Structures are given as structure tokens and as C-alpha cells.
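Right, one structure below, let's go through it.
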Amino acid sequence: MAKKRVAVLISGRGSNMASLIEAAKAPDYPAEIALVISNRPDAAGLAHARAAGIATEVVDHTRFGEDREAFEHALQAVLEQNRIELVCLAGFMRLLTPWFVEHWSGRLLNIHPALLPAFKGLNTHERAIATGAKTHGATVHFVVPEMDSGPIIAQAEVPVLTTDTPETLAARVLSAEHRIYPEALRRVALQLEH
Ligand code: GRF
């Protein structure tokens with residue numbers, strides 16, 4: 001079976017992107033990371049992707065002002081030019097409109113650093129500590145128009161220690177993210193019809 005062509009969308013560091021690139025090197029992995037797109041020209045992950053021999057594109061959202069759909073049409077054009085079949089958001093810090101999300105329905109994945117539906121949005125590690133949560137974690141889910149919602153594909157739970165700072169907790173969650181995102185993408189790629 002042909003490997004599914006995947007684009008990873010990033011805005012910054014790109015460590016989840018790197019974990020997907022690494023996993024996709026396995027000969028039996030059902031997807032290839034064909035393209036990395038950043039909405040920020042200075043995203044650190046771009047250099048990592050280039051060094052790994054992956055094609056990169058920048059679609060700078062600031063060129064489109066407040067016009068989210070114009071930005072997304074530019075994104076869509078790049079995805080089509082590259083014959084992309086699945087899109088993975090990995091630290092991509094732009095909200096997507098229903099137009100884009102519905103176009104990619106069932107083929108658009110996101111990773112969120114919390115056990116959804118708990119702690120949607122930003123600063124999840126601070127909030128988990130502040131509320132006294134005993135467990136925290138990460139979720140890979142299909143993207144739907146409502147932020148940090150949508151069918152869950154994979155989750156990993158980690159303990160919250162009494163000694164944790166947001167940084168130590170983030171590091172524990174991040175290593176769980178790096179484990180579950182490649183596994184979730186594998187499952188979705190295997191189930192994709194065409
Ligand atoms: C991760 O914690 C991810 O779950 C969240 O943003 C962070 C991105 O990190 N959406 P990286 O760019 O993948 O290193």
C-alpha cells in the first residue's frame with residue numbers, strides 16, 4: 001500500500017514534528033512526512049525539517065491581515081500542490097476556520113497537551129497544577145470547528161507530582177506526546193480509504 005502523504009503544520013519548536021519525521025523513517029510506517037509548513041518564517045522546526053531532507057514551506061499569516069480564509073486558501077493551495085492526503089497540526093498556533101476544517105474532515109489531526117476534554121486552550125500545565133489535578137497528559141484528536149474538541153484518537157496519562165513546576169510537568173507530558181502522535185498517525189493512515 002502506498003504511504004499516505006502527510007503535511008505537518010508548525011509554528012515553533014517542532015519537537016512533535018520531529019517525532020513524526022523519525023517514526024515515518026520506518027519502512028513499514030504507513031505515512032511519509034512529505035511537507036512541513038510553518039505560518040512563522042522564524043519557526044525553529046523549519047531548520048530541523050530541512051536538515052532531515054523534508055520539503056518546507058512558509059505561509060506567513062501576517063501577510064493576510066485579519067483575513068483568515070485568505071490565509072487558509074494559500075495554505076490549501078500549497079497542500080494541493082504537494083498532493084497532501086493528511087494534515088497533522090503540531091504546535092500550530094492559528095485557529096482554523098470551519099471552511100478549512102470541514103474540507104479536511106477526518107484527515108486533520110491535532111495534538112493537545114492535556115487529557116481532553118479537560119484543559120482546552122493554553123497554559124494547560126499551569127492550570128493542571130493550580131487545580132490540584134493528580135493526572136494530566138496529552139491527546140491526539142481529529143480537528144472539528146470547535147477548538148480542542150473532536151473525536152479522540154489517542155491519549156496518554158502522566159502523574160502530576162507535588163514537586164512539579166509547569167516546566168517539569170510540560171517535559172513529562174511532551175515525552176508522552178512524542179510517543180502517541182506517531183502511533184495515532186499510524187492508525188489514521190492505515191484506516192484512510194484512499
Ligand atoms: C506541544 O505541547 C503541543 O501539544 C502543543 O504545543 C506544543 C508544541 O511543541 N499544541 P512542539 O512545537 O511540537 O515542540
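Order of listing sets the numbers, starting from 1, for every ligand and every atom in it. Just so it is clear, the structure is predicted and the values come from calculations on it, not from any experiment.
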Which heavy atom of the protein is the closest neighbour of atom 11 (P) of ligand 1, given with residue, atom name and distance? Ser15 N, 3.4 Å
Identify the protein heavy atom lying closest to atom 4 (O) of ligand 1, giving its residue, its atom name and the separation to 0.1 Å. Glu177 OE1, 2.7 Å
Nearest to atom 12 (O) of ligand 1 by heavy atom, Ala114, Gly91, Gly14: which? Gly14
Could you see if Ile10 belongs to whatever hydrophobic cluster contains Ile111? Use Ile, Leu, Val, Met, Phe, Trp, Tyr and a side-chain cutoff under 4.5 Å. yes
Give the residue and atom name of whichever protein heavy atom lies nearest to atom 9 (O) of ligand 1, and the separation in Å to one decimal. Arg13 NH2, 3.0 Å
Could you tell me whether Glu80 atom CD has more than 12 heavy atoms of other residues or ligands within 6.0 Å of it? yes
In terms of residue, atom name and distance, what is the protein heavy atom nearest to atom 5 (C) of ligand 1? Pro113 CD, 3.9 Å
Output for pair (Asp60 CG, Phe71 CZ), nearest 0.5 Å, gives 8.5 Å
Test your reading of the structure: does Ile111 have an N or O sitting under 3.5 Å from an N or O of ligand 1? yes
Within the structure provided, determine whether Leu185 and Ile33 are in side-chain contact (heavy-atom separation under 4.5 Å). yes
So, do His141 and His112 have ring centers that fall under 6.0 Å from each other? no
